[in-house]
Each structure stands twice: as structure tokens, then as C-alpha cells.
2 protein chains.
Amino acid sequence: MTLTPLQQEFVLHFGEMGSRWGINRTVGQIYALLFISSAPLNAETITDALSISRSNTSMGLKELQSWNLVRLKHVPGDRRDYFTTPDDLWEIVRTLVSERKKREIDPTLTKLRELELQGPAGDDYAEARIAELREMIEMMTGFYAEMEKLETERLVKLMTFGSRIAGLIEKTGGMFPTLTKRK
Amino acid sequence: MTLTPLQQEFVLHFGEMGSRWGINRTVGQIYALLFISSAPLNAETITDALSISRSNTSMGLKELQSWNLVRLKHVPGDRRDYFTTPDDLWEIVRTLVSERKKREIDPTLTKLRELELQGPAGDDYAEARIAELREMIEMMTGFYAEMEKLETERLVKLMTFGSRIAGLIEKTGGMFPTLTKRK
DNA sequence: CTTAGATTTCAGAAATTTCTGAAATGACTG
DNA sequence: CAGTCATTTCAGAAATTTCTGAAATCTAAG
């Protein structure tokens, strides 16, 4: 398969960006290619579209699968595996956020709690700082847990009118007295 | 300077995590060390607390400065540079988010717009996909721009009562008619 | 059971990133 | 403006990550 110039440039860009994230260039390229392909692709096709080795493709796909970022499809009468990305961009974003949280945030939260449990270490400042950090992460993950429950439609509304919401808070003292009275 | 076991473990953890982000181990460790130190530290101190080379410390600090994650202080009568992290965790988070946006999101948005301007490339699916992605990123960065304006206090409220807000949207038809009538 | 894809694994090669020590630069002090 | 201390730069060394080709494994079909 030969890529159109548009595809080519898109794929290369995501390869570059991939490195700024935690993922490597090839994985970024594979993902980008699947993302802009209307039909599922098999490993062979990816391999020659990106001019990489077959084994590299295999590892890249494995990595993407471990992130839940690609879907496996089967074409009747063909026993090769075909891959796609979900059509729904929101689904993709949700997956991305949730996986990054799992890998980047959760282990840290666990570690911080662990450190706190080890009890007073005679280093008040460090202890206070760790507690403070843990509390902030807990607040943010708590918020995230709530957001996670919302359907796409409401999330879009929230984002589209985001800022007004904050102003709105001030006007809801009656509904949520604890909300405006706190602190 | 010798680290307490608590500091040691904290620093090592952030070194590890650093790699899962885009930053390297040493940079993560330097940041972690500054974060849990009550007073500003100079390069020499960091160098021997972490057992790394002086030049590595210099490069790490430079990197952290380019991220705006670290503040330079001066101790009267001492001409060495001293470094700290901001006391306010919210400030740190804001910086982090804004820098990551600048490095990870903005260049992609620019690239996508650029690709769209190159005009019809006879690849309808890819073009549609790119437009869709651009729109989503625009919505999210728009939302972010609004959030950025909020003071900490309101942000905390928003996060603490996050989920209820979404429910609230439904009840504000009178205030924001376009909000509930859309689509 | 055998054969023919298809995919995965893995050890080493290649590429990239990180780290170091030495030298260069900068900047304050007497 | 010479001397001292602090910081930065940089070329090469060391470490790590990524990639490849060959071999191993897996799976469906005959």
C-alpha cells in the first residue's frame, strides 16, 4: 500500500509527536495510519505502508492493544488479523485518559499512601508535602471518576459552556449550601 | 547532603515515573528533590544528594527551567543559584498542564489546520477524520482556555462538586436556552 | 497428522538518549 | 583586570530503547 501525501504527512507527524508522549515513533505511526484508514488494515499492509519490519509491526500492534487503543476485526474468508481505531473520537479520548491515569497517576497515588503509612520520618516538611500532593491527586481523580460516568452528550455541553458553569456555582447556594459556604 | 529514607524513596519513585512521561529519570529526581525540600537547593547540593555529575545537574535544571517548573532564588552573600518549586500545588499543576498543552497539543493543532489548507487530496475519509480530530481538539482547548481563567477557589469547587454540575445543566434551560436545545 | 500461512518471540544490531569529565564561558571580588 | 568560583557547553562514553531477521509458535485446513 502506498500512502497519499496527506496520509504520509499525518502519519509522520504522529510519529514525531509519539516521542513527546511516552510512546515510540513506530507505535505513533501505526496508530495514525489506522486512524485515517477507512477500512481495517492487516499487519502486512501496515508493514509495507510504513516501511518497517514485520516484527516491529507486531510489537507495535501489541503495544497499542495493551493500551486498548485498537480493535481487532476479522474479514470473512481471510485468516489474517485486521485492526482499526474506534470511529468515535470521544471513545478514543476516554480510553487515552483512562489508560494514562492507570499508568501515570495511580501508581504514584499508591506510592504516596505507602510513604505516609511508613509513619513519621522526622522530616515534617517532606511529610506535609507528600500529604498535600496525595490530597490533590485524590481530588483530581475523584473528579475524573465523576466525569467518567457522564455520557458524551453532557460532556460536550460541559465543555462547550464550561466557563459559565463556574459562575453558575455562585448562584446555587440554595441547592448546595455546603458548596458556597465552605472554608 | 544525605537524603532521609522518605526523601530517598520519593525521589526514586519520581525518577521512575519520569520515564513514563516524556522527561528523563534525572530530571524527575531533581524535581522531586526540590519539591520535598523546605529550602531552596543549589546545584552542588543536588549533585551530591542524587550522586550524579555536576553537568548533568546543570542540564536537568535547565530542562526544568524551560518547563517553568522551577524558580530561581538567591541567598544573600552567596553567589550560587538556588532552586525551588512553587509552594502552591495548584500553580504547579497549571504550569504542567499549560506546558504540556504547548508541547503536545498546539503543534498538532497547527499541523492539522495546515493539512486541511492543503485542500482536497482525494482522500475523503482521511480528510474527514482530520477535520473531526481538529474540531475535537479545538473544543477541548477552548474549554481549557476558559478553565485557565478561573481562580483556584472556583476550580476547587468545580472539582469537588464536579458531577453535580452536569446534572445542573439540564435545569438551566431558562438561563442558557441554546444549551439544552442544541442538536 | 501434515502443511501452509500468520503471528510472536527473541537475541543481537542499530539508533537514540542520557550522562560524564574536561574545557570554555561568565561574573563577581579584591 | 587578575583571580576565583559558578555555570554551561560539548564531544565522546555509557546506557537504554527501538528495530530487525531468523527461528519458534500457533492455527486452521486439507
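Residue numbers begin at 1 in each chain, while the letters A, B, ... track the order of the sequences.
- Between I30(B) and L50(B), the closest side-chain pair of non-hydrogen atoms falls below 4.5 Å.
- Between L33(B) and L3(B) the shortest side-chain heavy-atom distance falls below 4.5 Å.
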Please tabulate, one pair per line, each protein N/O and nucleotide N/O from nucleotides 12-18 of chain C that are separated by under 3.5 Å, including the distance.
none

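- L12(A) is linked by a side-chain contact (heavy atoms from CB on, under 4.5 Å) to Q8(A), Q29(A), counting only residues two or more places apart in sequence or in another chain.
- In this structure, the side chains of T85(A) and L69(A) stay at 4.5 Å or more apart for every pair of heavy atoms.
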- Note on the structure: With sugar-phosphate taken as primed atoms, P, OP1 and OP2 and all else as base, the protein-contact string of nucleotides 6-11 of chain D at under 4.0 Å (heavy atoms; B, S, -) is SBBBB-
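- E146(A) has a carboxylate O that lies under 4.0 Å from a charged side-chain N of K149(A), or vice versa, which qualifies the two as a salt bridge.
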In residues 130-142 of chain B, what donor-acceptor pairs under 3.5 Å come from side-chain atoms, sequence neighbours left out?
from	atom 1	to	atom 2	distance (Å)
E132(B)	OE1	R129(B)	NH1	3.3
R134(B)	NE	E116(B)	OE1	2.3
R134(B)	NE	E116(B)	OE2	3.3
R134(B)	NH1	E138(B)	OE1	3.0
R134(B)	NH2	E116(B)	OE2	3.1
E138(B)	OE2	R113(B)	NE	3.3
E138(B)	OE2	R113(B)	NH2	2.9
T141(B)	OG1	I137(B)	O	3.0
T141(B)	OG1	E138(B)	O	3.1

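- Rounded to a whole Å, the CG atom of D48(A) is 16 Å from the C1' atom of dT20(D).
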Run the side-chain donor-acceptor check on residues 86-93 of chain B: report pairs under 3.5 Å with partners two or more places apart or on a different chain.
from	atom 1	to	atom 2	distance (Å)
D88(B)	OD1	W90(B)	N	2.9
E91(B)	OE2	R71(B)	NH2	2.3

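- For F14(A), the ring pair (Phe, Tyr, Trp, His ring centres under 6.0 Å) partners at least two apart in sequence or on another chain are F10(A).
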